[in-house]
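The structure under discussion appears below in the form of structure tokens.
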Amino acid sequence: MTTHAQPHKSDKYIRVDGTNFSINQISASGQCFRMTEQEDGSFQVIANGRRLRLKQEQPSYQTPSPYQAQSPSQNQPQTSGDELSTSKEFQKNSVILMDCSEEDFQTIWKSYFDLDTDYSRFLTSIDPDDTYLRSAVAYGHGIRILRQDLWEMIISFIISQQNNIRRIRKCIETICTHYGTKIDPTNDTDTCSDSFYLFPTPEQLATATEEEFRALGLGYRSRYLVETARSIVSGEVSLDALRQMDYPSARAELLKLCGVGAKVADCICLFGLHHLEAFPIDTHIRQVLTAHYPDGFPFDSYAGYEGVLQQYIFYYDLNSGH
DNA sequence: GCCCAGGACCTAT
DNA sequence: ATAGGTCATGGG
């Protein structure tokens with residue numbers, strides 16, 4: 001029973017314009033943890049109560065053999081050398097293939113991937129004299145801020161603290177398989193219909209004890225998870241209320257949760273509530289700010305989408321080696 | 001063995 | 001208010 005290896009039938013896929021949209025970059029940008037690259041170079045993401053398979057068609061001159069097994073040097077930038085000119089070519093020619101219906105794309109995934117937002121206006125708004133920011137933005141031009149589930153972001157970024165991305169993914173997958181709903185795809189002629197697990201609901205996660213979490217390797221964050229699940233299930237903090245709040249109110253409300261400090265609250269606001277003005281400052285960002293912006297980062301120049309720039313910077317600092 | 005990873009909590013001042 | 005110590009786990 002082969003689970004992968006065969007190229008998917010192209011008639012199952014819908015085609016989507018990939019302007020300023022790189023699955024590779026989004027997957028490696030540290031904002032989502034359940035988007036994974038497959039052996040054949042395609043990706044899958046589990047979100048919105050289902051699994052989506054997708055892949056990106058590169059311009060033919062860059063990838064001569066599309067189905068050749070690519071070396072899993074996962075964070076290879078699509079642009080080589082200095083980016084500004086080549087990235088434009090890449091944007092124009094890129095197409096995303098998604099294995100969903102046109103209706104699911106319109107009602108679910110279009111919003112999830114934030115395809116209604118024009119990211120070119122972010123890219124072109126950068127101060128020409130800010131060479132660092134220009135390089136960062138050019139390097140990560142395919143990044144978008146996904147519209148992910150609020151509850152999943154709360155738990156994911158509590159786990160993220162003082163942790164590395166590989167282990168964050170592992171921890172999240174562990175709690176999904178232990179507490180989330182198992183989905184067995186009803187076989188629809190696809191060879192890739194292995195089962196998967198949804199992210200656990202607050203009620204599902206609240207059944208766990210701190211000892212169970214510790215036994216699963218979640219470490220000192222186990223208490224935070226128990227306390228936070230309890231706070232949400234009890235209604236002490238309301239997810240629906242959070243969704244109605246503006247950024248300052250939501251941030252203040254999130255700080256009531258155990259294990260949520262300033263940085264994690266900003267990540268939740270940015271990735272779970274799509275408050276693009278949230279600017280999470282972690283160890284990487286802090287180092288960049290002190291090294292490249294000794295007189296302060298020009299927040300006022302980018303009011304309303306500071307968080308988008310933060311994500312370009314984070315990805316650039318994490319993956320470019322600069 | 002040490003240091004770091006998308007930090008936050010607890011306690012003492 | 002703010003500074004320092006502590007917290008699990010895994011990989012380099």
Side-chain angles (χ1 to χ4, degrees), chain A residues 25-36 72-75 136 139-140 143-146 148-150 152-175 177-178 208-232 236-237 251-293 297 306-322:
Chain A
Q25 291 180 359
I26 292 171
S27 174
S29 70
Q31 63 174 302
C32 55
F33 304 104
R34 302 201 75 198
M35 185 180 294
T36 51
S73 58
Q74 53 180 12
N75 300 339
Y139 184 81
I143 291 174
R144 285 168 178 267
I145 306 298
L146 303 180
Q148 300 183 79
D149 178 71
L150 172 59
E152 182 173 341
M153 291 303 97
I154 291 173
I155 297 303
S156 295
F157 281 95
I158 287 176
I159 291 173
S160 79
Q161 67 184 244
Q162 199 66 17
N163 210 340
N164 61 69
I165 291 180
R166 187 200 312 278
R167 200 165 83 92
I168 296 167
R169 287 176 178 269
K170 184 180 151 203
C171 289
I172 290 172
E173 212 53 37
T174 296
I175 66 172
T177 57
H178 279 81
T209 64
E210 180 178 341
E211 289 70 30
E212 286 177 39
F213 283 141
R214 285 183 179 272
L216 293 175
L218 291 168
Y220 72 91
R221 307 167 191 83
S222 299
R223 194 186 110 239
Y224 303 161
L225 299 181
V226 170
E227 295 288 331
T228 292
R230 201 155 304 182
S231 296
I232 298 298
E236 178 187 339
V237 173
R251 187 179 193 275
E253 186 69 10
L254 285 165
L255 289 176
K256 295 178 181 173
L257 296 172
C258 184
V260 176
K263 185 268 172 184
V264 169
D266 279 332
C267 283
I268 298 167
C269 285
L270 182 56
F271 304 128
L273 293 169
H274 211 72
H275 290 309
L276 299 184
E277 67 267 49
F279 191 93
I281 299 179
D282 73 322
T283 53
H284 294 104
I285 299 294
R286 191 175 301 281
Q287 286 175 17
V288 169
L289 292 185
T290 56
H292 295 280
Y293 299 93
F297 186 81
E306 301 92 322
V308 183
L309 301 187
Q310 179 274 164
Q311 199 59 16
Y312 292 128
I313 295 171
F314 180 81
Y315 176 77
Y316 185 58
D317 184 69
L318 197 65
N319 298 304
S320 77
H322 289 186

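Lettering of chains follows the sequences in order, A, B, ..., and the numbering in each one begins at 1. All values derive from a computational prediction rather than experimental measurement.
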Practice item. Go through the steps to decide whether A/Gln311 and A/Phe271 satisfy the test side chain to side chain contact (heavy atoms under 4.5 Å, CB included), and finish with yes or no. Key: CA-CA 10 Å; A/Gln311 199 59 16; A/Phe271 304 128; 3.3 Å; yes
Practice item. Calculate the interatomic distance between A/Asp282 atom CG and B/dC4 atom C1'; express it in whole Å. Key: 13 Å
Study note, to complete from the structure: Which of A/Glu211, A/Glu212, A/Glu210 passes side chain to side chain donor-acceptor pair (under 3.5 Å) with A/Arg214? Answer is A/Glu210
Exercise for review: Kindly indicate whether the side chain of A/Gln162 and the base of B/dA5 share any N or O donor-acceptor pair separated by less than 3.5 Å?
Suggested key: yes
Practice item. Determine the minimum heavy-atom distance between A/Leu225 and A/Ile155, stating which atoms define it. Key: CD2-CG2, 4.0 Å
**Study point:** Separation of A/Phe213 CZ from A/Tyr224 OH (nearest 0.5 Å)
**Key:** 14.5 Å
Check your understanding: Is A/Arg169 atom CZ crowded by more than 12 heavy atoms from other residues, nucleotides or ligands, each under 6.0 Å away?
Key -> yes
Check your understanding: chain A on DNA chain C: first and last contacting nucleotide, 5' to 3', under 4.0 Å to a heavy atom?
Key -> C/dC7 to C/dG10
Exercise for review: Answer with base, sugar-phosphate or nothing: what part of the nucleic acid does A/Ile281 contact at a heavy-atom distance below 4.0 Å?
Suggested key: nothing
Please tabulate the protein-to-nucleotide N/O contacts below 3.5 Å involving nucleotides 10-13 of chain B, giving atom names and distances.
from   : atom 1 : to       : atom 2 : distance (Å)
B/dC10 : OP1    : A/Arg223 : NH2    : 2.8

Point to revise | Student check: side-chain heavy atoms of A/Ile285 and A/Pro280 closer than 4.5 Å | key: no
Exercise for review: Could you work out the separation of B/dC2 and C/dT6 based on their P atoms and round it to a whole Å?
Suggested key: 15 Å
Practice item. Evaluate whether the aromatic ring of A/Phe314 and the six-membered ring of the B/dG6 base sit under 5.5 Å apart, centre to centre, with an inclination under 30°. Key: yes
**Study point:** Between C/dG5 and B/dC3 - P atom distance, rounded Å
**Key:** 14 Å
Review point. Between the base of B/dG7 and the side chain of A/Tyr220, is there a donor-acceptor distance below 3.5 Å?
Key: yes
**Study point:** A/Phe297 vs A/Ile313, side chain to side chain contact (heavy atoms under 4.5 Å, CB included): CA-CA, chis, key distance, verdict
**Key:** CA-CA 12 Å; A/Phe297 186 81; A/Ile313 295 171; 4.0 Å; yes
Point to revise | Gap between atom OG of A/Ser160 and atom CG of A/Asp282 - 0.5 Å precision | key: 8.5 Å
Review point. For A/Cys171 and A/Gly217, which heavy atoms make the closest approach, and how far apart are they?
Key: SG-O, 4.4 Å
Check your understanding: Should A/Thr283 be listed as having a side-chain N or O under 4.0 Å from OP1 or OP2 of B/dC4?
Key -> no
Practice item. For nucleotides C/dG10 and B/dC9, find the distance between their P atoms and express it as a whole number of Å. Key: 23 Å
